[in-house]
Amino acid sequence: MSEPLVTRVAPSPTGDPHVGTAYMALFCFALSRTTGGRFILRIEDTDRTRYQADSESQITESLHWLGLDYDEGPDVGGPNGPYRQSERTEIYREHVQRLLDSEKAYRCFCTSERLTEMRHAQRARKAPPGYDGLCRGLLPEDIEAKVADATPYVVRLKVPKDRTIGFIDELRGKVEIHGKEIDDQVLMKSDGFPTYHLANVVDDHLMEVNEVVRAEEWITSTPKHVILYEAFGWDLPRFRHMPLLRNKDRSKISKRKNPTSLLWYKANGYLPEALVNFLALMGYSGADGEEMFSREQMLADFDTKRMSTSGPVFDLEKLGWLNGEYIRADSEDDLARRLLAHWAYRTSTGHEPDPAVDGALYDWITRNGGFESDSVETLIRATMPLVQTRIKTLEEYAPLTRCFFLDDIRGYGPEDLVPKKRELDATKDVLRIMRTKLAGLEHWTTSSVEEALRALVDELGWKPRELFQAARVAITGSKVSPPLFESMELIGPATCLERIDQALDL
RNA sequence: GCCCCUAUCGUCCAGCCUGGUCUAGGACAUCGGCCUUUCAAGCCGAAAACACGGGUUCAAAUCCCGUUGGGGGUACCA
């Protein structure tokens with residue numbers, strides 16, 4: 001086992017919490033946990049223009065939801081805080097000054113207009129784009145003068161253009177890029193905020209991060225960071241660039257082509273265990289080829305040798321299957337409680353029930369005392385055996401079980417009620433006989449109902465599927481439903497008979 | 001364009017480091033069958049891949065080179 005690894009996940013609060021953040025967090029978590037190190041959450045909120053106020057709490061909430069608990073972070077504290085970059089501006093300012101003093105960086109007074117113009121010109125003559133270094137050679141007195149009259153400026157990194165800068169990527173091996181390919185990166189913007197490159201390096205060092213885990217898209221900027229570490233005289237951390245999650249067309253995963261918000265997965269009834277498991281499967285393989293494993297099982301035999309480098313396509317279909325597996329693996333009690341908690345969460349986040357989908361369920365819960373009510377839990381619990389193998393997400397429960405919660409199931413037509421090659425009148429005759437028979441039942445249980453209906457099959461000469469279709473539609477309102485006899489027991493004799501009467505009125 | 005990363009079934013992973021055991025294994029999805037009151041679940045089965053070209057070697061999915069494809073980067077975004 002290696003030294004204790006200190007890792008960090010460093011999302012920007014610029015929108016919904018991203019599935020890529022969870023992906024990085026998972027591997028940071030595994031790396032630090034299995035080496036006895038620490039895992040840090042740092043909020044990189046240096047881009048004031050894209051900042052969104054509620055984003056940070058959504059990130060922390062989502063990470064906790066997934067069980068990817070960090071040891072240090074803005075909401076849990078830690079020895080090397082603050083963990084929000086916007087609260088560390090003074091630290092960056094000092095470090096920039098150090099770079100300026102040691103001439104590893106320089107002030108650049110170029111306006112954005114000039115830079116745009118410069119790029120146009122470069123493109124026009126097919127030259128590689130990049131800062132042309134105009135301010136790199138500014139005389140000290142010129143700089144002083146401009147500073148004195150408050151000309152806005154940025155601070156740029158003085159990149160050595162005469163040598164190769166390299167680093168060892170833990171996943172990919174040696175990576176080298178020549179200095180002339182590297183732009184004189186802006187380290188501090190004219191608004192006084194640092195850019196990612198500066199803040200990231202300074203914070204990683206100050207927070208004692210010794211293994212930088214991040215997405216592949218950062219590989220080409222890593223040499224800039226190497227230069228910074230060298231300029232400060234700091235030891236290099238290890239770098240591990242994870243593959244990028246991809247859309248179906250293999251481009252970097254984006255919200256236009258995939259649900260990327262962790263909030264979306266929660267709202268749509270995915271289980272955190274399933275999401276984490278699925279993310280782990282992206283670029284990682286279990287020890288024995290096992291596909292279903294918990295966080296704990298993953299940690300138990302975690303091995304960086306089984307991490308791969310090529311960008312996996314994010315396949316919602318497979319996530320759905322895994323989610324179904326987890327739903328089926330749950331105990332019926334746990335699943336019932338999960339559902340209730342899910343609907344309570346949905347309600348608390350302003351979910352508007354759809355009458356055609358889940359309106360009946362929410363109405364019924366409200367009428368019966370709400371999410372906390374025992375009678376609600378009891379009935380939900382009673383439906384578990386009927387639905388557990390039939391839903392892949394928590395959200396699929398409501399549309400599947402409308403017949404239990406709806407007052408009036410009418411809305412189907414004869415084309416549903418009447419089996420192929422049978423007539424409406426004949427079907428009604430059958431239903432009438434069925435009604436009489438059911439009404440005479442002494443006990444109303446799954447088996448007594450089944451016995452009665454099966455006897456009818458023999459008596460009337462209808463095929464089982466024909467007779468059960470008519471009964472199913474009459475009682476549940478749909479040709480597709482949970483198992484008929486169990487459903488009838490739950491719905492109860494009074495309602496069942498009433499619904500048969502309604503079918504007879506068709 | 002330039003730089004960097006990458007390449008096994010449609011998709012996710014094994015196998016590659018340490019060449020032979022690979023007529024390439026598992027999973028999702030697909031298709032077929034069984035079970036069956038619908039739909040699922042479950043069980044059984046089928047189809048489906050080593051990007052291409054050169055080397056090295058008795059032997060290459062595995063090692064080397066090149067090509068091609070895919071991705072990323074090339075901002076006072078992260």
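Just so we're on the same page: letters track the sequence lines, and every chain starts at 1.
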Original post:
Within the modelled atom types, does a donor on one side and an acceptor on the other bring the side chain of A:T195 and the base of B:rC76 under 3.5 Å apart?
Top reply: no
Original post:
Given atom CG of A:D16 and atom P of B:rA78, what is their separation to the nearest angstrom?
Top reply: 19 Å
Original post:
OP1 or OP2 of B:rG72 sitting under 4.0 Å from any side-chain N/O of A:R246?
Top reply: no
**OP:** Can you tell me the distance, in whole Å, between the CG atom of A:D315 and the P atom of B:rA27?
**Re:** 16 Å
Subject >> Lys/Arg N to Asp/Glu carboxylate O, A:E325 vs A:R328, below 4.0 Å >> reply: yes
Original post:
What is the minimum heavy-atom distance between A:N323 and A:T393, and which atoms define it?
Top reply: ND2-CA, 3.6 Å
**OP:** Whenever both distances are under 3.5 Å in a Watson-Crick or G-U wobble pair, mark it; put RNA chain B into dot-bracket that way, with [ ] for crossing pairs and | when the partner is on another strand.
**Re:** (((((((..((((......[....)))).(((((.......)))))....(((((..]....))))))))))))....
**OP:** Among the candidates B:rU37, B:rC76, B:rU38, find the nucleotide nearest to the side-chain atoms of A:P464.
**Re:** B:rU37
Original post:
CG of A:L490 to OG1 of A:T401: how many Å apart, nearest 0.5 Å?
Top reply: 10.5 Å
**OP:** Would you jot down, in residue-number order, the residues of residues 320-333 of chain A having a non-hydrogen atom under 4.0 Å from RNA chain B?
**Re:** A:W321, A:E325, A:R328
Subject >> Protein-nucleotide distance (A:E176, atom CD; B:rG73, atom P), rounded to Å >> reply: 22 Å
Subject >> Euclidean distance, atom CG of residue A:N247 to atom C1' of B:rG70 [Å, nearest integer] >> reply: 13 Å
**OP:** Locate the shortest heavy-atom distance separating A:C496 from A:M488; write the atom from each residue and the value.
**Re:** SG-O, 3.7 Å
Subject >> Separation of the C1' atoms in B:rA48 and B:rU30, to the nearest angstrom >> reply: 10 Å
Subject >> Pair of N/O donor and acceptor under 3.5 Å linking B:rA27 base with A:K318 side chain >> reply: yes
Subject >> Atom pair CG (A:L386) and OH (A:Y397), whose distance is rounded to the nearest 0.5 Å >> reply: 8.0 Å
Original post:
Counting only non-hydrogen atoms, which of residues 469-480 of chain A are less than 4.0 Å from RNA chain B?
Top reply: A:R472, A:K479, A:V480
Subject >> Residue pairs, two or more places apart or on separate chains, that pass salt bridge (Lys or Arg N to Asp or Glu O under 4.0 Å) and touch residues 154-165 of chain A >> reply: A:K161-A:D184, A:R163-A:E230
Subject >> Length of the NZ-P vector between A:K420 and B:rU37, whole Å >> reply: 19 Å
**OP:** Provide the distance between the two C1' atoms, one in B:rG15 and one in B:rA61, to the nearest whole Å.
**Re:** 8 Å
**OP:** Give a yes or no on whether a donor-acceptor pair under 3.5 Å exists between the nucleobase atoms of B:rA40, that is its base, and the side chain of A:T389.
**Re:** yes
Original post:
Expressed in whole Å, how much space separates the C1' atoms belonging to B:rC39 and B:rA47?
Top reply: 26 Å
**OP:** Please report, rounded to the nearest Å, how far the P atom of B:rC4 is from the CD1 atom of A:I165.
**Re:** 13 Å
Original post:
Between atom CZ of A:F193 and atom CD of A:Q85, what is the distance when rounded to the nearest 0.5 Å?
Top reply: 10.0 Å
Original post:
Is a side-chain N or O of A:S331 found less than 3.5 angstrom from the main chain of A:D334, in a donor-acceptor match?
Top reply: yes
Original post:
Given B:rG72, is OP1 or OP2 found less than 4.0 Å from the side-chain N or O atoms of A:S251?
Top reply: no
**OP:** Give a yes/no answer on whether the side chain of A:R465 brings an N or O atom under 4.0 Å of OP1 or OP2 in B:rU38.
**Re:** yes
Original post:
How long is the gap from CG on A:L400 to CZ on A:R390, to the nearest 0.5 Å?
Top reply: 7.5 Å
Subject >> Rounded distance in Å between the P positions of B:rA46 and B:rA24 >> reply: 13 Å
**OP:** Output yes when at least one side-chain N/O atom of A:R119 is less than 4.0 Å from OP1 or OP2 of B:rC76, else no.
**Re:** yes
Subject >> Contact list for residues 466-488 of chain A, test side chain to side chain donor-acceptor pair (under 3.5 Å), sequence neighbours left out >> reply: A:R422-A:E466, A:R472-A:S481
Subject >> Below 4.0 Å: OP1/OP2 of B:rU11 and any side-chain N or O of A:R250 >> reply: yes
Original post:
Does a side-chain N-to-carboxylate-O contact under 4.0 Å join A:R84 and A:D45?
Top reply: no
Give me, pair by pair, the N or O atoms of the protein and of nucleotides 14-16 of chain B that are less than 3.5 Å apart, along with how far apart they are.
residue, atom, partner, partner atom, Å
B:rA14, OP1, A:S285, OG, 3.2
B:rA14, O5', A:S285, OG, 3.2

Original post:
Would you say A:K392 has more than 12 foreign heavy atoms packed within less than 6.0 Å of its NZ?
Top reply: no
Original post:
Do you know which two heavy atoms are closest between A:L453 and A:L484, and how far apart they sit?
Top reply: CD1-CD2, 4.3 Å
Original post:
Any side-chain N or O of A:K392 under 4.0 Å from OP1/OP2 of B:rA41?
Top reply: no
Subject >> Atom P, compared across B:rG66 and B:rC50: separation rounded to whole Å >> reply: 23 Å
Original post:
Separation of A:Q185 atom CD from B:rG73 atom P, in whole Å?
Top reply: 13 Å
Original post:
On a whole-Å scale, what distance lies between the P atoms belonging to B:rC64 and B:rC2?
Top reply: 25 Å
Subject >> Residue from A:K189, A:R93, A:Q185, A:M188 passing side-chain contact (heavy atoms from CB on, under 4.5 Å) with A:V155 >> reply: A:M188
Original post:
Would one find a side-chain N or O of A:K180 under 4.0 angstrom from OP1 or OP2 of B:rC3?
Top reply: no
Subject >> Distance, rounded to the nearest Å, where A:F293 contributes CZ and B:rC13 contributes C1' >> reply: 10 Å
Subject >> Closest non-hydrogen atom pair, A:I327 against A:Q388 >> reply: O-NE2, 2.8 Å
Original post:
If you check the A:E486 side chain, which of B:rC4, B:rA78, B:rU37 turns out closest?
Top reply: B:rU37
**OP:** Please state whether the base of B:rC39 and the side chain of A:R390 form at least one donor-acceptor pair under 3.5 Å?
**Re:** yes
Original post:
Are A:Y270 and A:Y326 an aromatic pair by the rule of ring centers under 6.0 Å?
Top reply: no
